[in-house]
Amino acid sequence: MPSHLRHTAGSLALALVSFTPVAAWAGQEKPGPVPAPMVSTEGVKVFTPADFARFAPNTAYDMLAQVPGFTIRAADTARGLGQASENVLINGQRVTDKAGGAAAQLQKIPAGDVERIEIREAASLGIAGLTGEVADVIIKADRKGSGNFSWNPAVRAHYAQPRLLSGSISYSGTTGDLGYTLSLENKAGRGALGGNDYRILSASGALIERRDQVNWNSSDDAKLSAILKYGGSGPVQANLTLDYDPYWNRGNNFQRRVRTDGDDSDWNNHSRTFGFQYDVTGDVSVPLGGGRLKLIGLRHFEHDPALTDQRTDYDSGAPSDGILYGQDDKISETVGRLEYHTKGGPNDWTISLERADNRLAQVSTLASLEPDGSYTDIPYPQGSGTVAETRYEGIASLSRSLSHQLDLQLAGGAEYSQLGEIGIGTKPRRFFRPKGSASLAWRPAAGWDASLKIERKVGQISFTDFLANQDVTNNRGNDANPNLVPPQSWEATSELGRNFGRWGKTRLKLYRYWVEDIVDHIPVGVDGDAVGNLPHATRTGVESISTIQFDPLGWHGAKLDADIGYERSRVRDPLTGLERVISNTHDGWAELTLRHDVPHSQFAWGGGLSYEHYGLAYYLDEVNQNWEGPYASVFVERKNIHGVKVNFQIFNINDGRVRFYRTVYAGRRNSAPISFYERQHQKVGPIFTLTLSRGF
C-alpha cells in the first residue's frame, strides 16, 4: 500500500523541513550563524543551546534534529529489548521502551531543559549494540515546570477530508528527586490518491479495462503518556513509562471500471480497524559490587481487529459479488532483562540476561456475498491460530580505549528459543543461535572519524506469516507455514565522517549483509503460496549524510541537509533458480532540505525534495512494483507572533505521483503465460499544512 495511504504524505515533508516551534528563544531578533561545536581530545563534539538559537526550538527533539550531519536512527524493537540500536541517549542512558524510545521522549521535553548535546563514537560508550555516531542529550537535573503545545491541521487539494485534530500537548517538571512528563497527542493521517490513469491490459498490451479511482484513508492515533524518572544522579535510579494508545483507521477504495467488452461495474473496498495498545516499561538500577545492576521489565499488548468489505456491482444487473474478510489479532510481549555494568581500569564490562515471551492469537473469518444481499461463511480454519515464542538471551560486552585515537568494543553470547504454533499437535521447535559483534572507532586526525562494526545478528519474523492471510484487494492469499524460522545474518558496517567546522559536516556509510533464511514467498504443494525462508541473500548499500553551511559564502543563516542512499540486493528465486533482487527492496532514496533563517528577523523559509524508490516485489504468480515521488515542498515560518510560532508549508508542489505496475500470470510465473498487466499512475496533489506551536 502506498505510504500516503497509511499516513498523510505531508508527514514526510514535516520531517524534512524543521518547523516545529517555540518560545525559549522566541524574542531573539538577531540570530547568528551556528557556531562550530567544541571538540574534546576524545573526539566528543559538544553543542550548547546557543548553537541552536537561530532555529527557535520548542523541544529537545527540535534541537537534536538540527545537529549538523546527524540523522536520528530509531530503535530496532522487533526482537525483545536486546542490545541498543537507537543512536540517541538521554543523560548517558539508553531508553528501554517500545513506545518510541529516546526520540519520542525528547519531543516532550522543553528545549529550555537541555543543558547540552554530546556527539560521541558508539564504541567509546560501553553500550553494546551501537555503531557510528551517537547523540547524548543532557537534560538539566532541576527542571522547572513547563510545557509545549502544537497543532498542525492539513488540507489536501484532492480526494481526502481535512485533517483538523492533529497535535500534542505535554508538561514536564521535577519535584524533589522525581522528574515527570505528561503528554497527550493525536497523530492523525488523511491519505489519498486517485484519477483515471489506471489501466488493465491483456498479455499482448491491448486495453481491457480503464478504471477511475478514489482511494482514501483516514487514521487517528491518540496516545496518553506518563514518564516518571526517580533518583537523578543519586545511587538508586528508576524509570517508569506508561502509554495507552487507542487508534481508529478507516479507508475506502472506489473504482469505476469500464471494460472494452461492455461489462462495466462499480468496485468498492471498505476497510476499518478500531484497536488499542498499551505499554508499561520500568527499570531500576542500584550500585552493586563496584558496578551497577539494572533490572528492566516491559509489557506490551495490542488488540487489532480489522474488517474488509469488498463488493462489485454490475451495470448489466447481474448479481453482485463480494467478500467479507475479518482478522482479529491480539498481540502481546513480556520482557524481563538484567544488566550489570562495571568498570575496572581501561576495561568497561556489561553482562546482560533477557527473557522474552511473544504471542499472537489470530481469528480470521471469510464470507461471500449472496444474491439476496446476505453473507455465507466460508470455512477458513488455516487463518486462525496462536503462535508463541519464548526466548532467552545472554550477552557479555567489553569496551576499552586502546589509545586516545582508538576505541574497541566486543560483544558475544547466544540466544535459545522455543517457537511454534500452539494447538496443532506439534511440539515447539527449539533453536540455539550464537550472536555478537566487534566494533572499532578511530579518530585519525582533527575533524576526522571512522568506525567499523562486524555483527552476527538474529532477525525477527511476523507471527501472522505462520497463519494463512488474504489480500482481497489484489485477489491474492498466503497459505499457512508453521515451519517459518527467523533469518540470521553477518553484517559489516563502516562509517567515515569529516567535520568541516563552519562549513558543515559529511558522513559516508557503507554496509554489506550476508543473510541466511531470508523471508520471502515460497511454493507450497502443487499451486500453494506461503511466506517462507530462502537459503541465502546479500544486501550491499551506501548512504551519504551531509550538512552544508552557507555562512562562509556570505549567505548567512542558510544550510542544506542531504541524505542520499542506494542499495543493491541478491537472492536466488525459488521458482526459476536465477538470481534476482530481494522483494520490495528500498533500493534508492534522497532527502534534501534547504532552510534559511533570515538574519535580523523572525522569518525563515526553505524547501525540501524527497524521493523513495522500491524494487520489484516477487510472488509466485505475479511481479509488481510500487514507488512514488519525487515530492518537492516549500515552507515559510514566523518564529514569534504573540509568543506563537507559525509555519505554513505546501507539500508536493511538483505534482509527484504514485506508480504501481503489476504483471499477473495465469499460474506460477516460471511456466504459466501472462494473464494481464495492471498500470497505475495516480494523482496525490498538493497538501497544505499549518503548524502553530508554543511553549508555556
Side-chain angles (χ1 to χ4, degrees), residues 1-16 71 156-160 189-201 211 213-217 251 253 255 471 473-474 476 518-521 537 539-544 562-571 573 579-593 607-619 621-633 651-665 669 674 676-687:
M1 182 180 292
S3 65
H4 46 282
L5 293 181
R6 296 189 300 267
H7 305 287
T8 301
S11 63
L12 179 58
L14 305 188
L16 294 180
T71 295
R156 285 174 171 262
H158 307 285
Y159 311 124
R190 301 293 184 266
L193 58 79
N196 58 11
D197 194 354
Y198 188 163
R199 296 164 295 146
I200 305 298
L201 309 175
R211 300 176 178 178
Q213 177 180 229
V214 174
N215 190 356
W216 60 264
N217 178 276
N253 185 357
Q255 298 173 12
D471 177 0
T473 302
N474 294 307
R476 183 174 62 231
I518 189 168
V519 176
D520 207 313
H521 281 264
R539 294 173 53 198
T540 306
V542 57
E543 182 178 22
S544 172
D563 183 348
I564 302 171
Y566 170 80
E567 180 175 303
R568 182 187 176 100
S569 65
R570 284 290 180 267
V571 70
D573 191 280
E579 284 195 340
R580 60 165 171 82
V581 298
I582 298 173
S583 284
N584 204 34
T585 299
H586 189 199
D587 56 13
W589 63 93
E591 297 181 3
L592 306 177
T593 306
L609 180 66
S610 63
Y611 177 67
E612 306 281 342
H613 189 271
Y614 289 83
L616 296 171
Y618 289 85
Y619 298 86
D621 60 354
E622 75 169 76
V623 178
N624 67 50
Q625 187 174 25
N626 181 12
W627 76 103
E628 54 188 288
Y631 296 123
S633 62
F651 178 81
N652 195 21
I653 59 173
N654 60 318
D655 195 28
R657 300 202 169 203
V658 171
R659 298 166 180 83
F660 181 62
Y661 291 174
R662 185 174 176 226
T663 302
V664 179
Y665 295 80
R669 54 181 165 77
I674 292 175
F676 65 89
Y677 298 100
E678 182 176 333
R679 296 290 184 264
Q680 295 187 41
H681 191 221
Q682 300 294 68
K683 176 185 283 293
V684 175
I687 305 169

Would you say R659's side chain and R679's backbone share a donor-acceptor pair under 3.5 angstrom? no

Compare all side-chain heavy atoms of D573 with those of D520 and state whether any distance is below 4.5 angstrom. no

Atom CD of E622 and atom CD of E678: how far apart are they, to the nearest 0.5 Å? 8.5 Å

Roughly how far, to the nearest 0.5 Å, is CH2 of W589 from CD1 of I564? 11.0 Å

Is any side-chain heavy atom of L616 closer than 4.5 Å to one of Y661? no

Heavy-atom nearest pair, G685 first then N652, reads O-ND2, 3.1 Å

Taking the side chain as every heavy atom from C-beta outward, state whether L193 and Q213 have any pair of such atoms under 4.5 Å apart. yes

At what distance, to the nearest 0.5 angstrom, does CD1 of I653 lie from OH of Y631? 13.5 Å

Does N215 form a side chain to side chain contact (heavy atoms under 4.5 Å, CB included) with Y159? I'd like the steps, not just the answer. CA-CA 7 Å; N215 190 356; Y159 311 124; over 6 Å; no

V658 and N626, any side-chain heavy atoms less than 4.5 Å apart: yes

Taking every heavy atom of A537 against every heavy atom of I518, the minimum-distance pair comes out as CB-CD1, 3.7 Å

Side chains of V214 and H158: closer than 4.5 Å at any heavy-atom pair? no

H586 pairs by side chain to side chain contact (heavy atoms under 4.5 Å, CB included) with which of E612, E567, H613? E612

Under the criterion side chain to side chain contact (heavy atoms under 4.5 Å, CB included), I'd like the reasoning laid out for E628 against R657: C-alpha separation, chi angles, the key distance, then a yes or no. CA-CA 6 Å; E628 54 188 288; R657 300 202 169 203; over 6 Å; no

Does atom CZ of R568 have more than 12 heavy-atom neighbours, drawn from other residues, nucleotides or ligands, at distances under 6.0 Å? no

Check: V581 and D587 side chains under 4.5 Å, non-hydrogen atoms: no

Considering only heavy atoms from C-beta outward, does the side chain of R211 approach that of R199 to under 4.5 Å? no

Do R580 and V571 touch side chain to side chain, with heavy atoms closer than 4.5 Å? yes

Please report the interatomic distance CZ(F660) to CG(N624), rounded to the nearest 0.5 Å. 4.0 Å

In this structure, CG of N584 is separated from CH2 of W627 (nearest 0.5 Å) by 12.0 Å

Just verifying a value: how many Å separate I687 CD1 and R190 CZ, rounded to the nearest 0.5 Å? 12.5 Å

